[in-house]
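Okay, structure first, notes after.
Lettering follows sequence order; numbering is per chain, from 1.
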2 protein chains.
Amino acid sequence: MLSIGKLSAATGVKVPTIRYYEEIGLLPEAERSAGNQRLYGVMAQERLAFIRHSRDLGFSLDDIRELLSLSDRPDMSCAAADVIATRQLVSIKDRIMRLQSLQQELERMLTQCAQGTISDCKVIEALSNHECCLHTHHGEV
Amino acid sequence: MLSIGKLSAATGVKVPTIRYYEEIGLLPEAERSAGNQRLYGVMAQERLAFIRHSRDLGFSLDDIRELLSLSDRPDMSCAAADVIATRQLVSIKDRIMRLQSLQQELERMLTQCAQGTISDCKVIEALSNHECCLHTHHGEV
DNA sequence: TCTTGAACCTCTAGTTGCTAGAGATCCTAT
DNA sequence: ATAGGATCTCTAGCAACTAGAGGTTCAAGA
């Protein structure tokens, strides 16, 4: 059995984050030692690694909750898991496109700036009026 | 003079967000009508448009605070503004690269999945053990 | 002029995914 | 036996808003 600190070292998930995952029900309540400290077995470690990896791939905790409950039902069709992963892929592609348009806009601003004073700085000017944008970009990135 | 609703419509910034910006000092305190309702002039509208556009480009409110204070000093060198914009550009490029590696990973997961049951779903499997990743991906995206 | 209803006001609390700190307790190594 | 690191619970804070309650003001139609 691992203490929370060892589990943290083993999975790369910080100690308060592990407690947080337990609090929101993503991890089951841990066993406790005689002195009330959390103890983890192999199952918990695997589950946490799953969460960690999914987070690395950008899944939301809600998505992960669903993926975890799917992984607990091995006989089910994996279509639902594919839906979640595909949704995530679409959202990542979308964010990449948005970010690329922002990148272009920023590069344009910076190449036009002649390093003079604020009054003729193209960066500040470009921020002041959206009209001079080549692209429209709205919503979060 | 514009009411907060008209200003919102003119700039595309939601009404509660405008009040929020005032609360955190990004916008100056608005004038008030006899009945205590906010009134905005052209200056406020321009300032809000600046904020809106900067947010669209992914700048943090702290960055925007700095950019705004620069734009109030037209005689200064614009080097500071360039530093902020360059930092933002670097961070955007970095996020794009991270997202592209996630995209590849997800695509790999999905193409390997044969649409069977969860027990042999490559998506779930890939999430379970990080070792089968082609790329290492850590940190936020 | 009155009235209705949309727009406005303030305030609190919620969102996501954690992180930081206080103050107390436990565990382990010397 | 004791020192100090690890753990416990609890509260509060971060970004950047969003939602809702409960109350006031404004503008347009009858």
Side-chain angles (χ1 to χ4, degrees), chain A residues 1-27 29-40 44 48 50-68 87-88 91 95 98 138-141, chain B residues 1-27 29-40 44 48 50-68 87-88 91 95 98 102 137-141:
Chain A
M1 300 292 265
L2 298 174
S3 71
I4 197 170
K6 308 287 183 194
L7 180 67
S8 167
T11 57
V13 179
K14 289 180 192 155
V15 169
T17 305
I18 298 174
R19 287 197 279 250
Y20 170 71
Y21 288 163
E22 177 179 320
E23 190 186 317
I24 64 170
L26 214 53
L27 287 175
E29 293 201 2
E31 289 180 55
R32 297 298 181 118
S33 73
N36 199 35
Q37 302 197 343
R38 288 172 180 83
L39 293 176
Y40 296 93
L48 185 54
F50 184 105
I51 296 171
R52 168 77 209 272
H53 192 195
S54 304
R55 286 295 295 143
D56 280 349
L57 284 166
F59 287 97
S60 73
L61 294 183
D62 267 358
D63 282 342
I64 295 172
R65 208 183 290 274
E66 214 172 327
L67 289 167
L68 278 169
R87 191 208 302 143
Q88 174 68 6
S91 133
R95 279 148 80 195
R98 288 171 184 280
H138 297 298
E140 42 183 307
V141 285
Chain B
M1 300 291 265
L2 298 174
S3 72
I4 197 169
K6 307 287 184 195
L7 180 66
S8 169
T11 59
V13 179
K14 288 179 193 155
V15 168
T17 304
I18 298 174
R19 288 197 278 249
Y20 170 70
Y21 287 163
E22 177 179 320
E23 191 186 315
I24 63 169
L26 213 54
L27 288 175
E29 292 202 3
E31 290 180 52
R32 297 297 182 118
S33 73
N36 198 37
Q37 302 197 344
R38 288 173 180 83
L39 292 177
Y40 297 93
L48 186 54
F50 185 104
I51 296 171
R52 168 77 210 272
H53 193 193
S54 305
R55 286 296 295 142
D56 280 349
L57 285 165
F59 287 98
S60 72
L61 293 184
D62 267 357
D63 282 341
I64 295 172
R65 209 183 288 273
E66 213 172 329
L67 289 168
L68 278 168
R87 191 207 302 144
Q88 174 67 7
S91 130
R95 279 149 79 194
R98 287 173 184 281
L102 301 191
H137 35 80
H138 297 298
E140 41 183 307
V141 284

Would you indicate which nucleotide in [options] comes nearest to any side-chain atom of [X]?
X       : options               : result
A/Gln37 : D/dA6, D/dT18, C/dC18 : D/dA6
B/Arg55 : D/dA16, C/dT10, D/dC8 : D/dA16
A/Lys14 : C/dC8, C/dT19, D/dC8  : C/dT19
A/Arg38 : D/dA16, C/dC8, D/dC8  : D/dC8
A/Leu61 : C/dC18, C/dC8, C/dC27 : C/dC18

request  = Would you mind telling me which of A/Gln88, A/Arg87, A/Arg65 makes a side chain to side chain contact (heavy atoms under 4.5 Å, CB included) with A/Phe59?
outcome  = A/Gln88
A/Arg38/A/Arg19 under side chain to side chain contact (heavy atoms under 4.5 Å, CB included): CA gap, chis, key distance, verdict = CA-CA 9 Å; A/Arg38 288 172 180 83; A/Arg19 287 197 279 250; 3.4 Å; yes
query = Could you walk me through whether B/Leu61 and B/Tyr21 pass the side chain to side chain contact (heavy atoms under 4.5 Å, CB included) check?
reply = CA-CA 9 Å; B/Leu61 293 184; B/Tyr21 287 163; 3.9 Å; yes
Which whole-number value in Å describes the distance from [X] [atom1] to [N] [atom2]?
X       : N      : atom1 : atom2 : value
B/Leu26 : D/dA16 : CG    : C1'   : 11 Å
B/Arg52 : D/dC17 : CZ    : C1'   : 14 Å
B/Leu7  : C/dA7  : CG    : C1'   : 14 Å
B/Leu27 : D/dA16 : CG    : P     : 15 Å
B/Glu22 : C/dC8  : CD    : P     : 14 Å
B/Asp62 : D/dA16 : CG    : C1'   : 11 Å
A/Ile51 : C/dC18 : CD1   : C1'   : 14 Å
A/Arg19 : D/dT11 : CZ    : P     : 15 Å

task = Provide the closest heavy-atom pair for B/Leu27 versus B/Ile51 in the form atom of the first, atom of the second, distance.
result = CD2-CD1, 3.9 Å
A/Ala30 versus A/Leu39, closest heavy-atom pair with distance = CB-O, 3.9 Å
Any side-chain N or O of [X] less than 4.0 Å from the OP1 or OP2 oxygen of [N]?
X       : N      : result
B/Ser33 : D/dC26 : yes
A/Tyr21 : C/dG17 : no
A/Arg32 : C/dC26 : no
A/Ser3  : C/dC27 : no

task = Identify whether any heavy atom of A/Phe59 sits under 4.0 Å from a base atom; if not, whether one sits that close to sugar-phosphate; answer base, sugar-phosphate or nothing.
result = nothing
query = A/Ile4 near the nucleic acid: base, sugar-phosphate alone, or nothing, with a heavy-atom cut-off under 4.0 Å?
reply = sugar-phosphate
ask   = Relative to the 5' end of DNA chain C, which residue comes earlier, A/Ala34 or B/Leu39, by the nucleotide with the nearest heavy atom?
value = B/Leu39
ask   = On DNA chain D, nearest-nucleotide positions of A/Glu23 versus B/Thr17: which is more 5'?
value = A/Glu23
inquiry  = Is there a side-chain contact between A/Thr11 and A/Tyr40 in this structure, where contact means two heavy atoms from C-beta onward sitting under 4.5 Å apart?
reply    = no
